[in-house]
Enquirer: 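Sharing a structure with you now.
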There are 2 protein chains.
Amino acid sequence: MSNAPKKVSIKDVARAAGVSIASVSRVINATPGRVSAETRERIEKAITELDYRPNRIGQALRGQMNDTFALVISSIQNNFYSAVAWEIERRLNDAGSAMLIYNSNEDPALQDRCLGDLASRQVSGVFLLCAVDTPGLQAAAGQTPLLFINRRVPSLPGVPFVGIDDKSAAAELAGAVLRETGGRIGLIHGPSRSHTSRVRRDGFLETFDAAGRRLEGDSVVEAELSMESGYACAGQLLESGRYAALICGNDQIAYGAFRRCRELGLTVPSDLAIYGFDDNPLNQWLAPWLNTVSVPHLRFAEAAVAGMMKLVEGQRPGDTILPYDLVLRR
Amino acid sequence: MSNAPKKVSIKDVARAAGVSIASVSRVINATPGRVSAETRERIEKAITELDYRPNRIGQALRGQMNDTFALVISSIQNNFYSAVAWEIERRLNDAGSAMLIYNSNEDPALQDRCLGDLASRQVSGVFLLCAVDTPGLQAAAGQTPLLFINRRVPSLPGVPFVGIDDKSAAAELAGAVLRETGGRIGLIHGPSRSHTSRVRRDGFLETFDAAGRRLEGDSVVEAELSMESGYACAGQLLESGRYAALICGNDQIAYGAFRRCRELGLTVPSDLAIYGFDDNPLNQWLAPWLNTVSVPHLRFAEAAVAGMMKLVEGQRPGDTILPYDLVLRR
DNA sequence: GTTGACGAGGTAAACGTTTTCCGCATAGCC
DNA sequence: GGCTATGCGGAAAACGTTTACCTCGTCAAC
């Protein structure tokens, strides 16, 4: 404890090697052709002997850069988001960068607090895993490289986006529902505040309309993207009658619906089929009853990191629309 | 994009208010009795007008402190760990701090890479959510405030710990198993490399011994703390005979075992009961069949943050042993 | 022998803060 | 009026880097 061994700085290395700090810096940064082989060797020896590691704070202050990224996630409970977050972390770490993490909880004020905090930390870039449109977001857009994942904010078309074609995925899932059931269909979609949720909802509804099986108004309800809300909305729906299938705006909502069905004595999927969206990696272990759209979270992370790297180099990457898969479990 | 509006620094505020940067700093830090009310007011006006926020990098460089903490988590897949992590993040954010996150994946080399990276980032403290004993950990212990959560490292008794009494929890759970089943019992415990896993295993085995129902050697297998490993080990166990109950080292293992049972045509819990450990918050939604020990993840986070705050203030908080609950679902 | 180029390495400024030290008034005291 | 105490505020050093600029040899070319 206490008497911490003094941190070793570039000065100590310079002194140990008998050179100036400039030369040490040149060795660290592998500046080409500025230091002789013999001096370089001496410095490297001193570095390993002292176990010196350049202080990132000093580097950041001087170079305005940080090798630190931030990820703002809108729902800590959503395991699909977690999975994406972790994959991003892994890739950033492999690249020698670190990741700050913030939860915005879909709350505009909280999101802005996060973004403000970030600004004062000089991060190199920010991943937004489902952002909401706020003044703070608009302000941040001019200051820091931003990248949207899974949900875009229409008022910021210049910010690159990584996601899937939600509309067509929703339409395909709706097609599968139509094929597999002739009974009554319920829809619990996400909040219309979210662009992605709106697009999915429209994909579902338009497909049903086109097939001549328009959903009645009381078969469609709006939920938050949470298990609790799915539970509540499923209860509301199911007390007004029998359903053959429930389509949910994402897997979290589906989990809530599942619990409600169980409590009502309904067996899934024999009494009623449940459809979700995202394909949480946990599903194959715990939710074999869930039909869903598999969104490739690994490729999300990959594309997001690649896009961010371009961004920090000053390029302007385009949007990345990834393929998805229908997962129909019986 | 590009032409980013120049960041506003303390100098700009000083110029705008017609004072020196020292005075601005005094206002920011609320240094008592060093600046007159009228000057303070002028400075505060300039601050809000320019929307100035002190640069944390500069502050960190000067003050050797960062208001940034790190959390190293050993398994990204474990939702219980995620839940704890998120609760810590929330509390740190409320306190105006940020959280860097790292995944060690139970890999000693990866953990040491994380700790090395952390050292160069001058973090204020590190939460270790299930650490493994490595040279890098020993080195970090002298440099930075450390706090163990859920798993201690016996060779570092000086580092505070937040957790439960795993031995007695395991014994209680084993007692419940004995009470509820007269059939054959299998145990899939965690890796003996982990102190916590060893303690839990001993708690189980000693209770069975004491009750005169010693488990035969082939009813006990060692798994990693993952669903995949639980799946594999459950397969190994179940091919050697029928079991009335399977006790798993944690919930992740139990999920894997559940999937194996399902694939073997066994119904849980009527054909066979499954017992886990941790009580992942998801269980109440997706795993109503799972008996487990409920570890209070909110209080973990609370105690961990409180302990860390003491640590950064130079105090030496003691270990925190929290209460647990048996969750027996029928 | 003078010049120029080039290679190696040092000096010092700059990044944005905090904090120590100092100076300048004003006020209070004799 | 001279003295000190006090309150306010500025100057500058320091934190650990990077990098633009400079200096000093050495060597080749004329």
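Here is the naming used below: chain letters follow the sequence lines, and residue numbers restart at 1 for every chain.
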Enquirer: Taking the side chain of B:Ser25 as its heavy atoms from C-beta onward, which of D:dT17, C:dT18, D:dC8 lies nearest to it?
Expert: C:dT18
Enquirer: In terms of ring plane angle, is the pair B:Phe80 and B:Phe300 parallel, tilted or perpendicular, where the classes change at 30° and 60°?
Expert: perpendicular
Enquirer: Between the base of D:dG9 and the side chain of B:Arg34, is one N or O donor paired with an acceptor at under 3.5 angstrom?
Expert: yes
Enquirer: For C:dG16, does OP1 or OP2 lie under 4.0 Å from any side-chain N or O of B:Lys7?
Expert: no
Enquirer: OP1, OP2 of C:dT18 versus side-chain N and O of B:Gln59: anything below 4.0 Å?
Expert: yes
Enquirer: Can you check whether B:Thr31 has a side-chain N or O nearer than 4.0 Å to OP1 or OP2 of C:dT18?
Expert: no
Enquirer: From the options C:dG9, C:dT18, C:dG16, select the nucleotide whose nearest atom is closest to the side chain of B:Leu61.
Expert: C:dG16
Enquirer: Looking only at the side chain of A:Ser23 (C-beta and beyond, no hydrogens), which of the listed nucleotides C:dG16, C:dT18, C:dG10 gets closest?
Expert: C:dG10
Enquirer: Under 3.5 Å, is there any donor-acceptor pair linking the side chain of A:Arg26 to the base of C:dG10?
Expert: yes
Enquirer: Expressed as a whole number of angstroms, how long is the span from B:Ile10:CD1 to C:dA14:C1'?
Expert: 16 Å
Enquirer: For A:Ser20 and C:dT11, is the shortest distance between a side-chain N/O and OP1 or OP2 below 4.0 Å?
Expert: no
Enquirer: Nearest whole angstrom, please: distance from the P of C:dT17 to the CZ of B:Arg62.
Expert: 13 Å
